[in-house]
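The chain is numbered in sequence order, starting from 1.
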Amino acid sequence: MDNIWTFFAFPLNLLLAVLWMAGWRWLWRRCPSSAVMRFMLSPAATVLSIVLLTVSCLWLGFSGDRDFVRSVPFVAMLLFVQTVVYLVILRGWRRADGVIRWRFLLIHAGFLLAVGAGFWGSPDSEELRMVMKPGESSQVAFRPDGSRKALGYGLGLTDYDVEYSIEGKPSHYEAVVSINDGQGRSISVNHPYSVSPGEDIYLISVSSDSCVLQIVREPWRYFALAGILMLLAGAFMLFIGGPRR
């Protein structure tokens, strides 16, 4: 499944997203009375999308099944939810007199952008790991399945340090890493080094002579953040302005 998923990485995922939006917009404009459009814009479709999204989130939260997010049912559910929200935006983002409904647009477009960034950007997301000793450097990391992945730069481990509690257990540890033999950067647990927007290096653990580093690549995460900020802005405007008809 992972190989199939990575096949849709950039730029194919971006192309498919554009085609998906263009296709539904064309159908909405050309065939507004079709059975498909009547259902997708009906209250039943809205309720169904909310129920499916809620049930899926609850299942993920209670089961912890990470493989479910790349299963066919979950992908189909997210695509259905996005389609419903997108059509609702097309239908209601401005009033009949041409005035833009900013609160409506921010809330719905923000939700769509936040969910869409995670959905369409998922094939570009990666988690790589490498075990390094002080003084070592490498341009290759490993995927969860054990396959190798070129980083595109040289990552070196300069040194690391561990602080111990009174009980003799590690209480804090940090490491110094360098990119392409450049300036050393200190990293610790929950305090990564940002190689570029959307790519961070984390310190996972240390042993007596080595460190485990994790490279997390999420190039679409700032689009998701923008969507969340839009959603919050719309909700704030709704709270301040109150309901309007």
Could you go through R221 and D200, starting from their C-alpha distance and side-chain angles, then the distance that decides it, and tell me whether this counts as side chain to side chain contact (heavy atoms under 4.5 Å, CB included)?
CA-CA 12 Å; R221 67 181 178 188; D200 297 318; 2.8 Å; yes

Would you kindly confirm whether [X] and [Y] end up in one hydrophobic cluster when ILVMFWY residues are joined by side chain heavy atoms under 4.5 Å apart?
| X | Y | answer |
| --- | --- | --- |
| V189 | Y193 | yes |
| V85 | V47 | no |
| L157 | V131 | no |
| F142 | L128 | no |
| W26 | L112 | yes |

The residue among D124, L15, L16, L14 that forms side-chain contact (heavy atoms from CB on, under 4.5 Å) with F8 is L16

I want to check something: taking the side chain as every heavy atom from C-beta on, are [X] and [Y] in contact at a cut-off of under 4.5 Å?
| X | Y | answer |
| --- | --- | --- |
| S71 | F68 | yes |
| R185 | I201 | no |
| M230 | F111 | no |
| V195 | I215 | no |

Audit row: V55, L52, side chain to side chain contact (heavy atoms under 4.5 Å, CB included) steps and yes/no:
CA-CA 5 Å; V55 171; L52 290 175; 6.0 Å; no

Side chain to side chain contact (heavy atoms under 4.5 Å, CB included) assessment of L78 paired with L53
CA-CA 7 Å; L78 278 185; L53 183 61; 4.2 Å; yes

Can you give me the closest heavy-atom contact between [X] and [Y], atom names plus distance?
| X | Y | value |
| --- | --- | --- |
| V206 | C211 | CG1-SG, 3.6 Å |
| S178 | T158 | OG-OG1, 4.2 Å |
| M37 | C31 | CG-O, 3.1 Å |
| Y202 | I187 | C-CD1, 4.1 Å |
| S49 | V84 | OG-CG1, 4.2 Å |
| D209 | P134 | O-CD, 3.6 Å |

From [atom1] ([X]) to [atom2] ([Y]), nearest 0.5 Å:
| X | Y | atom1 | atom2 | result |
| --- | --- | --- | --- | --- |
| Y173 | E163 | OH | CD | 12.5 Å |
| Y153 | N180 | OH | CG | 9.0 Å |
| N13 | F10 | CG | CZ | 7.5 Å |
| T46 | L41 | OG1 | CG | 8.0 Å |
| M40 | T83 | CE | OG1 | 5.0 Å |
| M132 | L155 | CE | CG | 5.0 Å |

Does the [X] side chain pair with the main chain of [Y], one donor and one acceptor, at a distance under 3.5 Å?
| X | Y | answer |
| --- | --- | --- |
| R217 | E199 | no |
| S122 | F119 | no |
| R129 | A141 | no |
| Y160 | S207 | yes |
| D161 | E174 | no |
| E136 | K133 | yes |

Atom CZ of residue position F74 - does it have more than 12 heavy atoms of other residues, nucleotides or ligands inside 6.0 Å?
yes

Report, as yes or no, whether the 6.0 Å neighbourhood of atom CZ on F39 holds more than 12 heavy atoms from other residues, nucleotides or ligands.
yes

Any salt bridge between D145 and R143, counting N to O under 4.0 Å?
no

Anything under 30° is parallel, anything over 60° is perpendicular, the rest tilted; go ahead and classify W120 against W20.
tilted

Residues L213, I204; criterion side chain to side chain contact (heavy atoms under 4.5 Å, CB included); working and verdict
CA-CA 6 Å; L213 303 178; I204 300 300; over 6 Å; no

